[in-house]
Amino acid sequence: MPEKQYDHRQIELKWFERWKDDANLYRAEENSAKPKFYVLEMLPYPSGTLHIGHLRNYSIGDALARYKWMRGFNVLHPMGWDAFGLPAENAAIRNNRHPREWTLENIAAMKRQHRRMGFSYDWSREVNTCEPEYYRWNQWFFLRMLERGLAYRSKALLNWCPECGTVLANEQVVNGCCWRHESTPVEQRALDQWFLRITDYAEELLDDLKRLEGGWPERVLTMQRNWIGRSEGAEVDFALEGSARRVRVFTTRIDTIYGATAVILAPEHPAVAELVDDTTRARVKEMIDARARQDPGDLRKEGIFTGHYAVNPFNQARVPVWVANFVLTGYGTGAIMAVPAHDERDFEFCETFGIPIVPVIRPADGALVDPVREPFTGYGILENSGAWSGMTSEEARPAMADYAKEHGFGQRAVTFRIKDWGISRQRYWGTPIPVIHCEHDGIVPVPEDQLPVVLPLNVNITGKGRSPLADVPEFINVTCPKCGRPAKRESDTMDTFIDSSWYFYRYCDPHDGRAPFDRERIAYWFEIDQYIGGIEHAILHLIYSRFWTKMMRDLGLITNDEPARRLFNQGMVIKDGAKMSKSRGNVVSLDEMVERYGVDTGRLFELFAAPPEKEMDWTDAGAEGAYRFLGRVYRFITRNADRVLPPGPCAGDEKVRRKLHQTVRRITEDFETRWHFNTCISAIMELVNELYANENEICGEVMHEAMEKLTLLLAPFAPYLAQELWEELGNGEQPVFRQPWPAFDAELAREEQAEVVLQVNGKVRSRLSTPFGTDRQQLESLALADDKVRAFTTGKQVVKIIVVPDKLVNVVVK
RNA sequence: GCCCGGGUGGUGAAAUCGGCAGACACAAAGGACUUAAAAUCCUUUGCCGCGGAAGCGGCGUGUGGGUUCAAGUCCCACCCCGGGCACCA
């Protein structure tokens, strides 16, 4: 009789049909011991199809959830859908489709694919962030923040295409020009924008990173620390000659202030407008626009002299006031003092524009430096600094700041790199910002009983002109809730990062119509036990959601300070030397692979190709191997499931049983610690190779144990096949991922003999099989007696012998 | 320019705490089965040298130094690749 062949189509279809309507299959129970709460980061884009990059994220999360189930933990593992404004509106322009229709269709398509892939989500807690019910709570949060002054409106510079008459996102700027008009340079325009005061939380966001140590990857904590960027220094006021105005600069090196030879303003600095004439003003405007067009790496330092001078309050030196493109308006005070002798950037600038270089610090160790030729940026001893000369930098920094404070021209100061969060978007597809602009009452919040403010459906999206909502009269024209006179509704919508900042809270109570969520439920589920997402979100999404958590805590809605105890970031999938993403157009669709090899092969191969935290170069070659392997497992089990085997003992029993228990141990440990599923899968492959080699050398008992455990080990990675094999083994239809995880016996897994490597001068010359725990003395003499070792030691003097018990002996000779 | 990662055979990779470099696969070559093909099973495969062969020796983890009995792993300098960025005073 011919052997049964692995037919992935038949197997996957069979179980898909049986499972697809079972609403309880993946549902966590809330009554007994608290289930684990796992969250997979929301979909990056509803592109309509799953691609290889997505598969990576889901395969990892799914393997973990299944493992946890098999270990007896319940896991709440919901799924969310997000809608990004830009892709939806591009599709609207290109395909003449309404963004809402387009998004919902794509979400439905993706949902079908997710079901087909057999991912283990609890679908009853699904959250879709582009529905009015979700908008309602985004708006409700916005109004709470507005009441507390955490939301405010202010001018901000935005990329502007004069041709389209519209605001451009950074990714719509190509080589400094609009993506639709490749010869139209982008300009900078100041527009009124809404901001959230995330900087109020900068200190706490930074401090609490300490509490995440151990649970979050170190590289993410480092990136966040750098992003928040706390720096201690001082603010000092320079008087402007011939003006009542002072310019306040921020510096971390007030100890170098006697070497300040210029004051440099950011081009956007408010004092610039006052100081310069019309021609210079035009040059400054050009500088602002030019900066927007260039990559930070390409920016050459440019400067414009204002014709004015400022006075250093420490030594009354008269220094020129410049405007330069390398000074940032959003950091510190938007103005710096240039100390070319002791700062790289200042040096480069001053050298270019012929500004004098005055050294005022020398190295404490007496090293020879020449700051006029190359800046000395370290701490040292002050010189040429009046009464402060002779002090160390460390002493001078606080002392000089305090002196400035006593004399009323400065103080110690801490600044943060992080800026307030600009949430205004001039797009259609996002949560409308719930305020009304009234000529008499100013900014009036939309009354709560009128929430949610819903997007109008009859909108014409062109990608040109003002925000699409601004051209919908029924939406824009309203009456003021305060005075009843005609007023205008806000036409900006919210950044979709708002949506992703709290969707996982909504999971716990997705249908609540009276509140964003129920307090008790959050208290029960939070903090998240495990958050899993791509490394590309290490900064923005993960800082915004931490901020949102703290904000909600201060509103009294929750009691936890952080959203997630543990975080795991999988690496990106690289294709043709760049990140795989829709905007780069280098995605690889899953369809072809799934059609040819099946879902299980796709997931197995994806996990086998590289460890999950590492970035992964995509290549199609190799899926074949994963498919062959699954076929090997299938044939082995189907042909042995009902075979009558001897009662034993048989020659291969011990060997196979040892390999089996070693494999279970290895995979169990890996799931508990580092999640290197690629090596887990190779361990299973080794086990299968061992089984093939000993197929006729083992007794029935060992065979049965091996087949059963092999099936269970495979269940997190290849659930459809594992389920089919579980049935083949006579277990009916019980879901395999609800079976207990296989146990291992450390005694059975133990190797009989230790293999000890014998080295001479660090080179392997021989090896030795000894019982475990052989003592050092004995190992030494065994090594020295070894023929091959002797060949390299005779005639030489033994200097030293290093013994690592059960592992290695290194004989050092001269 | 700054921040965060990474660099190991023809390819994806493994080596978990400084202790056998290349597990497990892909690709390639050879063999078995077959009328034949596919599928399957088995064998070989880092590079160089010596040998008919079993085998023996040397080299080898981006480059150059260093620490150590021992370095892919630790330290210093450099080169290259990927991701992010807001030139962070």
Side-chain angles (χ1 to χ4, degrees), chain A residues 3 5 170 217-220 222-227 229 231 233 249-253 256 264 291 295-301 324-333 335-339 342-346 348-349 415-419 535-536 538-540 571-572 574 577-579 605 608-611 613-626 628-629 631-632 635 666 669-670 673-674 676 678-686 688-689 692-693 755-767 788 791 799-804 807-813:
Chain A
E3 223 176 13
Q5 290 302 312
N170 281 339
E218 199 48 53
R219 60 176 162 163
V220 173
T222 307
M223 282 192 253
Q224 292 214 355
R225 266 187 207 109
N226 292 341
W227 189 260
S231 62
V249 306
F250 174 76
T251 176
T252 54
R253 294 296 304 273
T256 64
I264 311 179
R291 177 154 74 182
D295 279 343
D298 298 340
L299 203 63
R300 220 174 291 125
K301 285 186 174 51
N325 59 350
F326 73 97
V327 179
L328 296 173
T329 182
Y331 185 76
T333 58
I336 63 164
M337 59 179 201
V339 185
H342 304 292
D343 182 279
E344 296 277 356
R345 281 157 312 180
D346 295 350
E348 199 190 314
F349 183 81
T415 51
F416 291 91
R417 201 182 93 101
I418 192 170
K419 288 196 253 182
I535 186 70
E536 66 272 24
I539 300 295
L540 294 180
M572 284 168 286
I574 306 289
K579 170 175 97 170
F605 174 55
F608 179 62
E613 78 277 6
K614 210 182 145 180
E615 56 179 46
M616 181 179 117
D617 259 310
W618 180 253
T619 154
D620 304 327
E624 192 73 39
R628 271 208 287 265
F629 167 69
R632 262 163 89 78
R635 287 190 307 276
R666 197 164 151 192
E669 283 170 0
D670 225 308
T673 55
R674 54 176 204 162
H676 278 199
N678 55 332
T679 53
C680 289
I681 292 164
S682 22
I684 301 177
M685 287 174 171
E686 284 181 47
V688 171
N689 290 346
Y692 263 74
E755 198 177 51
V756 177
V757 169
L758 305 182
Q759 298 181 329
V760 179
N761 285 352
K763 282 188 199 241
V764 181
R765 296 303 178 185
S766 182
R767 50 198 75 215
K788 289 180 190 138
V799 181
K800 201 183 204 180
I801 302 179
I802 312 283
V803 179
V804 183
K807 259 195 173 159
L808 164 143
V809 179
N810 187 10
V811 182
V812 186
V813 296

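Values reported hereafter were calculated over all heavy atoms of this structure, with side chains retained and with hydrogens, waters and symmetry mates removed.
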**Item:** For A:Glu755, all residues meeting side chain to side chain donor-acceptor pair (under 3.5 Å), sequence neighbours excluded
**Value:** none
Enumerate the protein-to-nucleotides 28-31 of chain B contacts in which both atoms are nitrogen or oxygen and the separation is below 3.5 Å.
none

**Asked** Among all residues two or more places apart in sequence or in another chain, which pass the side chain to side chain donor-acceptor pair (under 3.5 Å) test with A:Arg225?
**Response** A:Glu213
**Pairing residues for A:Arg345 by the salt bridge (Lys or Arg N to Asp or Glu O under 4.0 Å) criterion, not counting sequence neighbours** = A:Asp343
Expected rows: protein N/O vs nucleotides 21-25 of chain B N/O, under 3.5 Å:
from, atom 1, to, atom 2, distance (Å)
B:A23, O2', A:Glu686, OE2, 3.3
B:A25, OP1, A:Asn689, OD1, 3.4
B:A25, OP1, A:Asn689, ND2, 2.7

**Request:** Identify, with sequence neighbours excluded, every residue that meets ring pair (Phe, Tyr, Trp, His ring centres under 6.0 Å) alongside A:Phe605.
**Result:** A:Trp618
**Prompt:** Which whole number of Å gives the distance between the C1' atom of B:U45 and that of B:U34?
**Reply:** 27 Å
**Any residue meeting salt bridge (Lys or Arg N to Asp or Glu O under 4.0 Å) with A:Arg674, in chain and number order, not counting sequence neighbours** = A:Asp670
**Residues forming a side chain to side chain donor-acceptor pair (under 3.5 Å) with A:Arg765, sequence neighbours excluded** = none
**Item:** Watson-Crick or G-U stems involving RNA chain B, each at least 3 pairs long, distances under 3.5 Å, ordered by first number
**Value:** B:1-7 with B:79-85, B:10-12 with B:24-26, B:28-32 with B:40-44, B:46-50 with B:55-59, B:62-66 with B:74-78
**Message:** Just to be sure I understand the rule, does A:Val812 reach a base, reach only the sugar-phosphate, or reach nothing, if contact means heavy atoms closer than 4.0 Å?
**Reply:** sugar-phosphate
**Asked** Which part of the nucleic acid does A:Asn226 contact within heavy-atom distance under 4.0 Å: base, sugar-phosphate only, or nothing?
**Response** sugar-phosphate
**Request:** Sequence neighbours left out, what passes salt bridge (Lys or Arg N to Asp or Glu O under 4.0 Å) with A:Arg417? Give chain and number order.
**Result:** none
**Asked** What pairs with A:Glu686 under salt bridge (Lys or Arg N to Asp or Glu O under 4.0 Å), at least two apart in sequence or on another chain?
**Response** A:Lys659
**Message:** Between the base of B:C20 and the side chain of A:Arg767, is one N or O donor paired with an acceptor at under 3.5 angstrom?
**Reply:** yes
**Request:** Report the residue (A:Gln5 or A:Leu328) whose heavy-atom-nearest nucleotide on RNA chain B is the more 5′ of the two.
**Result:** A:Gln5
**Prompt:** For A:Ser682, which residues count as a side chain to side chain donor-acceptor pair (under 3.5 Å) partner, sequence neighbours excluded?
**Reply:** none
